[in-house]
Amino acid sequence: MKRFYKEATVSAHDSGFGVALDGKPVRTPGGAVLSVRTESLAAAVAAEWAEQTGEVRPLGMPMTRLVLTQIDRVAPRRAEVAAELLGYAGSDLLCYRAEETALADRQNTLWNPLLDWLTARYGVTLAVTAGLMPVAQAPEALAPLAEKLATLSDAGLTALALAAPAAGSLVIGLAFLEGRLSADEAFAVSQLDETYQIEQWGEDYEAADRRADLLREFQDIARFLSLTRG
């Protein structure tokens, strides 16, 4: 759509902060008034709207996109989102190791510390296997993770709902959410297999673009988390 407003400003209200376009509140596609807990996040969203010229391009507005996802897609269906996330722990990337020794050694070096962190942090020990055959995770092993997901804020659950699928790993997502991994580190450990293959065979332009988009996604989520904390 074409830009239809002259200015985008932050507006304060009883439940937090919103964004107004020429004094009218921004609404989500679902019809809810855009509202966030921190002024800094509202200011970032307002800045994205202010930066639009000619046409409004939502794909170029990452903080707006994340806020809309939180309000319309995560907050109303928290239990479903948590269940979907728990599914990543059941088939977590970090639990599947290569049969090729050189790659397996690299996986052990980078992934084992994250599984050790998970055990120390949550008392959860996930089963690890070599190859691609599925390995079942004990329901009791996943119970503490389910409890953790239930305690997350809407913003935290939103960040994890994007980070875990991007990484193919709930463990990486949680480590990223809790600051155990930076955006760049989360990208690197989740792309370990791909990086190894690139070292062996090279990388085409499409794969490079996908990896750049993925890194940008982690960086956007990291900024969103920082802004939600004030």
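Keep in mind the model is a prediction, meaning the values are calculated, not measured.
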* Structure fact -> Value for CG (L68) from CD (Q70), rounded to nearest 0.5 Å, stands at 10.0 Å

* To do: Count the heavy atoms belonging to other residues, nucleotides or ligands that lie under 6.0 Å from CD of E206, then report whether that count exceeds 12.
  => no

* To do: Determine, step by step, whether R97 and V128 satisfy the side-chain contact (heavy atoms from CB on, under 4.5 Å) criterion, reporting the C-alpha distance in whole Å, the side-chain angles of both residues, the deciding distance to 0.1 Å, and the verdict.
  => CA-CA 7 Å; R97 305 302 170 87; V128 175; 3.7 Å; yes

* To do: Could you tell me whether the side chains of S15 and H13 share a donor-acceptor contact shorter than 3.5 Å?
  => yes

* What distance do L170 atom CG and L177 atom CG have between them, rounded to the nearest 0.5 Å? -> 10.0 Å

* Asked: Can you list the steps and then say if L145 with L174 is a side-chain contact (heavy atoms from CB on, under 4.5 Å)?
  -> CA-CA 10 Å; L145 299 180; L174 282 170; 3.9 Å; yes

* Asked: Could you state the interatomic distance from CG (L157) to CG (L162), rounded to the nearest 0.5 Å?
  -> 10.0 Å

* **Min side-chain heavy-atom separation F176-I221 under 4.5 Å** => yes

* Structure fact -> For W111 and V189 the tightest heavy-atom approach is NE1-O, 3.0 Å

* To do: Might you point out which heavy atoms bring E217 and R65 nearest each other, and give the distance in Å?
  => OE1-NH2, 3.3 Å

* **Short side-chain to backbone donor-acceptor contact, Q137 and S91, under 3.5 Å** => no

* To do: Flag yes if more than 12 heavy atoms outside F4 fall under 6.0 Å of its CZ atom; otherwise flag no.
  => yes

* Is the closest basic N to carboxylate O distance between R216 and D213 below 4.0 Å? -> yes

* Asked: Can you get from L110 to L215 by hopping between Ile, Leu, Val, Met, Phe, Trp and Tyr side chains that sit under 4.5 Å apart?
  -> yes

* Point-to-point distance, once rounded to the nearest 0.5 Å, from CZ of F187 to CG of L192 -> 11.0 Å

* Using the rule that two of Ile, Leu, Val, Met, Phe, Trp, Tyr join whenever any of their side-chain heavy atoms come within less than 4.5 Å, decide whether M1 and V19 are in one cluster. => yes

* Cut-off 3.5 Å, side chains only: do Q107 and N112 have a donor facing an acceptor? -> no

* Structure fact -> One should read off an interatomic distance between L103 CG and Q197 CD, to the nearest 0.5 angstrom, of 7.0 Å

* To do: List, by chain and then residue number, the residues other than V135 in its hydrophobic cluster (Ile/Leu/Val/Met/Phe/Trp/Tyr, side-chain heavy atoms under 4.5 Å); write none if there are no others.
  => Y96

* So, the side chain of S35 versus the backbone of G16: is there a donor-acceptor pair under 3.5 Å, distance only? -> no

* Structure fact -> Interatomic distance, CZ@F224 vs OG1@T64, rounded to 0.5 Å, equals 11.0 Å

* salt bridge (charged side-chain N to carboxylate O under 4.0 Å, His left out) partners of residues 77-93, not counting sequence neighbours, each pair once -> R77-E80, R77-E84, R78-D154

* So which heavy atom on Y88 is nearest to which on G168, and how close? -> CD2-C, 4.2 Å

* With a 4.5 Å limit on heavy-atom distance, are the side chains of T228 and R37 in contact? -> no

* Cluster link I198 to L214, ILVMFWY, side chain under 4.5 Å -> no

* Asked: Do side-chain atoms of R3 reach the backbone of Q52 as a donor and acceptor pair under 3.5 angstrom?
  -> yes

* Hey, is E203 close enough to R211 for a salt bridge, meaning N to O under 4.0 Å? -> yes

* Where L149 and L86 come nearest, the two heavy atoms and their spacing -> CD1-N, 4.1 Å

* Asked: Taking all non-hydrogen atoms of both residues, which atom of L94 and which atom of S169 are closest, and how far apart?
  -> CG-OG, 3.8 Å

